[in-house]
Amino acid sequence: MEMEMEIDDTPKPKGEETKGKPIVVILVGAPGSGKSTFCEQVMASSTRTWVRICQDTIGNGKSGTKAQCLKSAASALNDGKSVFIDRCNLNREQRAEFLKLGNPNVDAHAVVLDLPAKLCISRSVKRTGHEGNLQGGKAAAVVNRMLQKKEFPKLSEGFTRITFCQNESDVQAAHNTYSALGPLDTLPNGSFGQKNPDAKIQLGIMRFLKKVEVPANTVSDANNIQSSVSHKNTEEKEPSYRGHDNISSFSGNASKELKEGENLAVCSSGSHASLNNAPTLAFPSISTSDFQFNLEKASDIIVEVVEEYVNKLGSARLVLVDVSHKSKILSLVKTKAAQKNIELNKFLTFVGDITKLYSEGGLRCNVIANAANWRLKPGGGGVNAAIFNAAGPALEVATKEQAQSLHPGKAVVVPLPSTSPLFSREGVTHVIHVLGPNMNQHRPNCLNNDYIKGCQILREAYTSLFEGFASTIKTQGKLAKVSNENLDSNSSGAQEVIEGANTKHSPNNDQKNKREHKHEYDRSKKCKGSQDEIGANIPESKIGKVDKNNDKIDGSMAKAWGSWAQALHKIAMHPQIHKDVALEISDDVVVLNDLYPKARRHLLVLARSEGLDCLADVSKDHLQLLKTMHDVGLKWAEKFLQEDALLIFRLGYHSVPSMRQLHLHVISQDFDSKNLKHKKHWNSFNTAFFLNSVDVLEEVSSHGKATLRDDESLLSMELRCHRCRSAHPNIPRLKSHISKCRAPFPPSLLQNSRLVLAPCNAGIDP
DNA sequence: GTTCTAGAAC
DNA sequence: GTTCTAGAAC
């Protein structure tokens with residue numbers, strides 16, 4: 001039996017298929033969004049051979065199965081034809097198998113037809129004779145239901161290119177792009193045209209709070225006055241960068257109106273997939289812009305060093321970013337990388353604004369590189385100005401802590417404070433400043449066309465950059481997901497100025513390192529003696545607590561446990577007496593409901609070790625216990641998820657707990673509870689004060705201790721929604737907002753299994 | 001950790 | 001007048 005397919009039978013020269021790279025284009029859109037029309041129009045005008053795989057007709061004119069579609073698609077691709085997968089593909093799971101059709105020799109693209117639901121419904125309702133027999137009145141209900149569960153495709157799923165269309169003109173543009181694609185042509189990789197999915201900061205509230213500064217680049221809400229303020233700020237701060245901005249395909253949509261609640265919930269369970277969690281470094285081309293380094297030579301060096309490092313970096317990814325589609329360096333590198341057979345999922349080129357890769361490009365990069373100046377100061381233009389502007393003053397302060405200046409060829413890793421918008425909005429945890437060689441006579445340290453030296457320094461710069469990136473992987477604790485055998489075992493990590501492979505540390509920076517290490521040492525002394533050195537767990541009497549408190553240097557934690565703070569300790573020591581409250585008792589832990597739950601589900605997992613009062617007491621010796629606590633917490637979260645699949649959990653510790661005895665919070669993210677009354681309650685679970693259990697495990701395993709955020713100010717921070725990050729004037733208003741907010745969680749939470757949620761419900765196939 | 005409550009903010 | 005916060009006591 002032959003599958004029915006619509007085949008473009010334009011005559012083609014023999015052998016053509018073997019030269020061009022076939023593409024599998026996975027259409028994503030509700031019924032009525034125009035998928036079939038899109039395919040038909042492209043096929044009508046394209047010089048490439050396309051096969052449209054349509055599940056509605058594949059079964060001999062009738063509806064077929066997914067397996068039939070996959071088989072037909074694979075066979076067409078094998079023949080060198082390009083393929084449209086014409087089915088809804090609205091969620092990740094539905095797309096997954098079709099994505100596997102992509103490989104180094106077949107690009108997997110997505111074209112998202114994200115047209116207004118109303119339009120799709122009215123088209124579905126009106127049409128007759130639709131192949132899928134989805135017409136008439138029931139269409140509305142079906143389309144609505146499907147759109148509830150839609151998940152936008154992401155590059156991390158494995159697409160090399162994603163095109164988002166939100167209106168007819170976007171669709172037309174996409175049509176033009178694909179129609180014009182000859183058999184031998186390729187399209188630039190990347191994600192194009194997506195409007196910021198998370199952006200809905202309430203500027204009215206910001207004004208209410210008398211906050212003058214409005215984060216640059218946030219999408220304004222319906223408030224036009226605020227919109228113009230935001231615009232003005234941006235222009236004043238980064239004129240030269242904005243000069244290029246109009247070339248970017250992401251610009252120009254920033255003031256699109258988004259009403260609260262209108263965002264469809266995006267199921268984030270997909271973020272558990274390994275690719276999404278892969279550490280990713282986005283970097284601009286170094287020295288080729290203002291420093292006028294020869295593009296041919298620069299692209300050779302980039303590809304050469306990338307090739308060396310992709311294999312050393314395990315699952316981590318490198319992304320070369322440029323703001324313009326017309327970027328010469330990007331196309332040079334792409335061509336040269338293709339010739340080298342560098343793994344496509346480990347290195348990609350990307351067109352977009354390096355400060356908006358996630359919010360506008362859907363590309364998660366936890367580390368970005370900055371083409372810095374030697375003073376490590378904001379300003380200048382280009383990428384440096386853009387990154388400093390987008391990161392806010394926090395970056396400047398954090399940079400100063402690491403280094404005062406930079407030599408050509410060197411890089412410095414700067415951990416980005418969580419207060420930076422780049423952290424909260426884009427999920428960037430580190431910025432690595434790199435300084436390349438300068439060939440521009442009007443800039444300092446010009447090499448006067450000495451390309452022997454220049455190439456050497458540029459190579460050194462990329463080496464330093466990638467070494468720096470490798471060190472963030474080690475210190476950040478994504479190590480578990482990275483095959484680390486190739487990483488440099490010297491782990492002073494993030495505090496270090498990274499040098500090229502065969503150069504020596506400058507004395508200046510070594511001094512810096514010493515200071516940092518001393519600091520670390522002091523901190524470890526704060527925690528209960530020097531167990532690390534002795535390697536034994538010294539039992540501590542209750543009175544010992546006081547001594548420890550007196551030891552505190554900064555005084556912020558200098559408090560003894562009050563009588564009211566002993567309840568958990570008593571339960572942990574004598575769970576049998578408290579059987580009424582204990583949900584589970586083992587040798588290591590006791591599980592109980594929080595007496596004043598701050599959410600629908602809120603458990604505590606108590607450690608039973610005497611003398612283990614809080615995270616500050618934790619050392620490497622407790623790693624196994626921490627893992628047990630985590631696993632027990634996870635088990636309970638999963639149990640609750642079986643009862644209510646809509647719950648989402650976080651597991652973590654308070655940096656400075658109020659109650660004595662180490663306890664892990666397992667708390668659902670609805671925060672729907674009458675016991676959540678104060679700012680302190682909210683902020684203790686929704687600022688850096690709350691330390692994710694997964695992060696604590698990682699830190700204790702790599703450093704022997706957790707980094708506490710014992711900063712009182714965190715608890716009195718302004719109230720922000722944990723999902724959309726909008727600010728709210730008081731607790732009642734915040735609670736009213738969070739009961740409605742369905743925005744996706746910030747990128748940092750979506751990584752590394754920091755959220756625990758139910759596996760996504762299987763979507764409905766048309 | 002909560003409760004109570006004065007007084008600030010609306 | 002009512003709502004909300006924050007500090008002290010427990």
Side-chain angles (χ1 to χ4, degrees), chain A residues 202-212 542 545-546 548-549 555-575 577-578 580-583 589-608 611-617 629 633 650-668 671-687 689-691 693 708-721 726-739:
Chain A
Q202 297 183 347
L203 295 165
I205 295 285
M206 305 276 286
R207 187 175 51 176
F208 168 79
L209 289 169
K210 303 183 180 71
K211 298 275 179 214
V212 189
K542 289 175 194 176
K545 191 82 208 172
V546 178
K548 188 167 80 180
N549 288 336
S556 64
M557 284 167 64
K559 56 158 191 184
W561 301 105
S563 57
W564 48 265
Q566 304 289 346
L568 297 180
H569 177 73
K570 287 178 183 160
I571 294 172
M573 293 304 111
H574 307 288
I577 303 173
H578 302 276
D580 49 333
V581 293
L583 298 171
V589 299
V590 178
V591 181
L592 67 156
N593 278 309
D594 191 301
L595 185 56
Y596 299 94
K598 303 298 183 294
R600 285 185 197 146
R601 292 291 186 183
H602 184 180
L603 291 185
L604 302 178
V605 181
L606 298 186
R608 292 196 58 196
L612 197 59
D613 290 341
C614 57
L615 265 190
D617 297 334
M629 292 170 73
R650 265 182 93 185
L651 278 63
Y653 300 87
H654 284 152
S655 286
V656 184
S658 298
M659 304 291 282
R660 179 179 177 195
Q661 195 67 20
L662 182 67
H663 54 280
L664 171 70
H665 291 268
V666 178
I667 185 164
S668 61
F671 295 105
D672 175 9
S673 163
K674 62 178 172 49
N675 296 310
L676 200 162
K677 294 172 178 168
H678 308 299
K679 191 174 248 190
K680 187 176 169 180
H681 291 150
W682 177 258
N683 283 335
S684 72
F685 290 102
N686 291 290
T687 62
F689 186 84
F690 188 78
L691 303 172
S693 176
L708 305 182
R709 298 295 305 263
D710 51 356
D711 186 351
E712 284 284 275
S713 66
L714 284 171
L715 297 178
S716 49
M717 272 175 40
E718 61 186 353
L719 297 164
R720 283 189 177 274
C721 172
S726 58
H728 299 267
N730 56 46
I731 288 286
R733 296 243 231 138
L734 171 76
K735 289 176 84 169
S736 145
H737 167 82
I738 58 173
S739 68

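Lettering of chains follows the sequences in order, A, B, ..., and the numbering in each one begins at 1.
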Remember a base hit wins even if backbone is also touched, and classify [X] as base, sugar-phosphate or nothing at under 4.0 Å, heavy atoms.
{"X": "A:Leu595", "value": "nothing"}
{"X": "A:Lys677", "value": "sugar-phosphate"}
{"X": "A:His663", "value": "nothing"}

A:Arg601: what forms a salt bridge (Lys or Arg N to Asp or Glu O under 4.0 Å) with it, not counting sequence neighbours?
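Partners of A:Arg601 by the salt bridge (Lys or Arg N to Asp or Glu O under 4.0 Å) criterion, ordered by chain and then number, come out as A:Glu643.
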
Could you list the residues that satisfy salt bridge (Lys or Arg N to Asp or Glu O under 4.0 Å) with A:Asp672, not counting sequence neighbours?
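A:Asp672 satisfies salt bridge (Lys or Arg N to Asp or Glu O under 4.0 Å) with A:Arg600 only.
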
For [X], what residues pass the side chain to side chain contact (heavy atoms under 4.5 Å, CB included) criterion, not counting sequence neighbours?
{"X": "A:Lys570", "value": "A:Gln566, A:His578"}
{"X": "A:Ser684", "value": "A:His654, A:Phe689, A:Leu715"}
{"X": "A:Asn675", "value": "A:Tyr596, A:Pro597, A:Lys598, A:Ser673"}

I'd like the 5' and 3' limits of the part of DNA chain C contacted by chain A, with heavy-atom contacts below 4.0 Å.
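Taking any atom under 4.0 Å from a heavy atom of chain A, the span is C:dC4 to C:dC10.
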
